[in-house]
Amino acid sequence: MQKFTTVSSVAAPLPESSIDTDVIFPARFLLLPDKKGLGAQLFHERRHKTGDGPAFVLDRPPYDGAQILVAGAAFGTGSSREQAVWALADFGIRCVIAESFGEIFFANCFKNGILPIVLTGPDHAAVLAEAEAARPIEVDLERCEIGMADGAVIGFEVDAHRRRSLLNGLDEIGMILTDDAAEIAAFEERQRQLRPWLHLGPDKLAHFADLGEEIS
Amino acid sequence: MGMERTMTGQTLYDKIWDNHRVKDYDDGSSLLYIDRHLVQEVSSPQAFDGLRERGLPLRRPDAHVAVADHAVPTRLRSQHLPGGLAGDQISRLVRNAREFGVPYIPMNDRRHGIVHVIGPELGFTLPGATLVCGDSHTCTHGAFGALAFGIGASECETIFATQTLRQRKQKRMRVTLHGRLGTGVAVKDIILALIAEIGTGGGFGHAIEFAGPAIAELSMEARMTLCNMSIEAGSRVGMVAPDETTITYLKGRPLAPEGDLWMRASAEWQDLRTDPDAVFDREVDLDVSALAPHVSWGTTPEETLPVTATIPDPALEQDAGKRFRMARSLAYMGLEPGTRLADVQIDRVFIGSCTNGRIEDLRNAAAIVKDRRIAGGVVGIVVPGSASVRLQAEAEGLDKVFRAAGFEWRDSGCSMCVAMNDDRLAAGERCASTSNRNFEGRQGQGGRTHLMSPVMAAAAAIAGRLTDVRNLAS
């Protein structure tokens, strides 16, 4: 996973609440097979709308090169699709700042080198003002601080384990298999004794013996 | 941790959590063991790829069942797979399941269906178990007193490789339901009313337990509808404690335990409930007897009102952010403030989905459309949540009732809830839908969704507009 230490960039302002993952990445593109290249579909409907009105923020300089996005409340609610995060990452977004997040989206960010930051009240308003003025900000995960152009600093909180994982680009599966394999095996053995019905034996799996081939 | 917690009672969520804690880390998170994983075509390909790249085996093939539900066509599918990307995605799941030894249920099999419909049907979903799926509506399975939640594709890979997830415990929230639903009012109206009240972020950080006297009377199908939309209230987890209704539903299901194991398991499930002295971080009470049928008017599930209401006016909203959001929703939905909801004309009706595609939903909707006709110009489809639901409905003659009314009768799948197959709205079309999300573009680019119960969708089909089902003479 890509490490996250500091990111300096203008922040793209998207001051709306309840931007769901269908808006971030419309469902029909979930058929695309790869993680790479999904940035082209990011906010697809907003970026490819017909008619008048200003271009979507991520299509307008300098925000078309933004690595930080500032949104309102409940960003990334709805579907669990990790494609929403892959699309943000592919576009070049490394950090999303919002008043609150959909929980599955929030967890998915950390698996892909993106830092989601919760800010509320005056702190959120201050960062949004910097974004709207197109003044670059610096997100420093080491110090858990956001630095503004005028020298002001806003602190933020992040889960210690997730912070360490992002800072070091750690691989969660590798860590679990290295550190916790014995405990997992012991748990499984204990559970087989206590609640054997949670392990499907050959007698139960026989229910699937007559599954046919998928049509082609 | 633990000292205070052991002094007071535990919630249902606490108990299942404790039973699945492999270890606690020093930062307060835990490694949680996952008993069951439902695998579908959208969230699994990258996870299988990851496993392959690492050269790792799938740790416990017996803990997974694979089925394609999102991208499958719901008609003309007896001959061949759809072409293009959808067919490729389904074929990829078939190959991955075979390579890693996971049972794969083909789309014309009698066991096919939406993951959240077939898990319970198979008895794969059990009380006291932890169950995940790369799909946010996995909270549906909480209706059985399972700890079930949606995950992303990376976490699917973690499950494949380790059968565990590193998780932080959520706060506990109880929604207590009092009273009895009126005629024409459904459990869908309870959850829509709750979301309208607490908001789409109301459940953030919390695991919800639904409790109270109104729960005892609900069927498993109704409890699944309730838990299914917990995610629309912001919570990944929605649960109901198991009771006689749960145990009766599960007895004899193909993957449920039998004989002595059944006796042991069902005895444990009888006791699996929140202790009387347990403390919740948040309590919400709702009297369901006063509820009217609800419909959504905007593009987030919290933008929902009783069908007797009028479209709200953003100009009267004090909060600038909400005002902006409302105006945007109304512009997308093509609606004007002050319009009576019951005057809104519709083009399409969708009855189905993991929210409302079960047998009871189809029975209730069929009772409304029986001996009636869909209004001119309205196209309606009924998509059973599973082949089992479809066969049961056909045995009861419900398919004939729907067809006689002018509905199309389809094969099982997610269909027009997520519009990844050919079932979708055209831009500007307005749909009365029993699904779970009214997001922009959810049912097709530019499509407009109004969420409601199966009887309300059936009534809308007959009237050609949103209408109060209670006004339809029976």
Side-chain angles (χ1 to χ4, degrees), chain A residues 15-18 20 22-23 26-28 30-35 45 72-74 77-83 85 100-105 107-108 111-112 159-161 172-174 176-177 180-181 183-184 187-188 191 195-201 204-205 207-208 211-216, chain B residues 22-23 25 27 29 31 33 35 42-43 45-46 62 71 79-81 85-86 88-90 94 103-109 126 129 134-136 150-154 157-158 161-164 166 200-201 204 234 236 254-255 257 261 265 300 321 324-325 418-420 437 439-442 445:
Chain A
E16 289 181 45
S17 62
S18 298
D20 56 71
D22 275 80
V23 169
R28 64 185 184 281
L30 294 175
L31 295 171
L32 295 170
D34 297 313
K35 292 183 187 180
E45 265 66 301
T77 48
S79 159
S80 62
R81 63 191 66 166
E82 200 160 318
Q83 282 85 351
V85 174
S100 58
F101 287 93
E103 291 183 0
I104 307 176
F105 174 88
N108 287 343
K111 312 286 184 191
N112 293 280
D159 176 279
H161 165 68
E172 180 142 298
I173 292 176
I176 292 173
L177 290 178
D180 307 327
E183 281 103 331
I184 295 172
F187 178 91
E188 276 177 343
Q191 197 198 44
R195 298 183 182 83
W197 57 86
L198 292 175
H199 295 251
L200 294 175
K204 284 292 162 190
L205 291 172
H207 177 65
F208 293 126
L211 285 175
E213 294 290 312
E214 186 56 277
I215 52 176
S216 54
Chain B
V22 173
K23 69 182 281 186
Y25 297 101
D27 69 343
S29 65
L31 192 64
Y33 194 81
D35 298 315
V42 182
S43 52
Q46 298 80 6
D62 74 296
Q79 298 91 5
H80 47 75
L81 278 183
L85 293 173
D88 291 348
Q89 193 168 65
I90 296 165
V94 175
Y104 170 81
I105 300 175
M107 61 183 176
N108 288 316
D109 191 271
L126 293 178
D135 188 284
S136 60
I151 57 176
S154 295
E157 186 184 339
T158 310
T162 74
Q163 210 59 40
T164 62
R166 186 168 180 158
T200 48
F204 281 168
R236 286 189 303 158
L255 302 181
L261 274 190
T300 155
F324 179 87
R325 171 81 214 190
V418 66
M420 279 184 63
R437 289 183 175 144
F439 297 158
E440 289 180 20
R442 175 74 180 186
Q445 193 174 1

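Below, chain A is the first sequence line, B the second, and so on; all start at residue 1.
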Heavy-atom distances under 4.5 Å only: say whether [X] touches chain B with side chain, backbone, both or neither.
X: S216(A); value: backbone
X: L211(A); value: both
X: A107(A); value: side chain

Between [X] (side chain only) and [Y] (backbone N and O only), is there a donor and an acceptor less than 3.5 Å apart?
X: R325(B); Y: S18(A); value: yes
X: E82(A); Y: S154(B); value: yes
X: Q89(B); Y: L30(A); value: yes

Query raised in the report: Considering only heavy atoms from C-beta outward, does the side chain of R81(A) approach that of V42(B) to under 4.5 Å?
Result: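 No, their side chains stay 4.5 Å or more apart.
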Query raised in the report: Between A74(A), A181(A), P33(A), A73(A), which has the largest tally of heavy atom pairs under 4.5 Å with chain B?
Result: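 If we count pairs closer than 4.5 Å to chain B, P33(A) comes out on top.
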Report task. List for me each residue that meets ring-ring contact (aromatic ring centres under 6.0 Å, His included) alongside F101(A), sequence neighbours excluded, and say none if there are none. Result -> F106(A)
Query raised in the report: What residues form a ring-ring contact (aromatic ring centres under 6.0 Å, His included) with F204(B), not counting sequence neighbours?
Result: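 For F204(B) there are no ring-ring contact (aromatic ring centres under 6.0 Å, His included) partners, ignoring immediate neighbours.
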Report task. Given salt bridge (charged side-chain N to carboxylate O under 4.0 Å, His left out), test D22(A) with R437(B) step by step and report yes or no. Result -> CA-CA 10 Å; D22(A) 275 80; R437(B) 289 183 175 144; 5.1 Å; no
Query - Minimum-distance pair of heavy atoms, taken over all atoms of G152(B) and N108(A) - result: CA-OD1, 3.3 Å
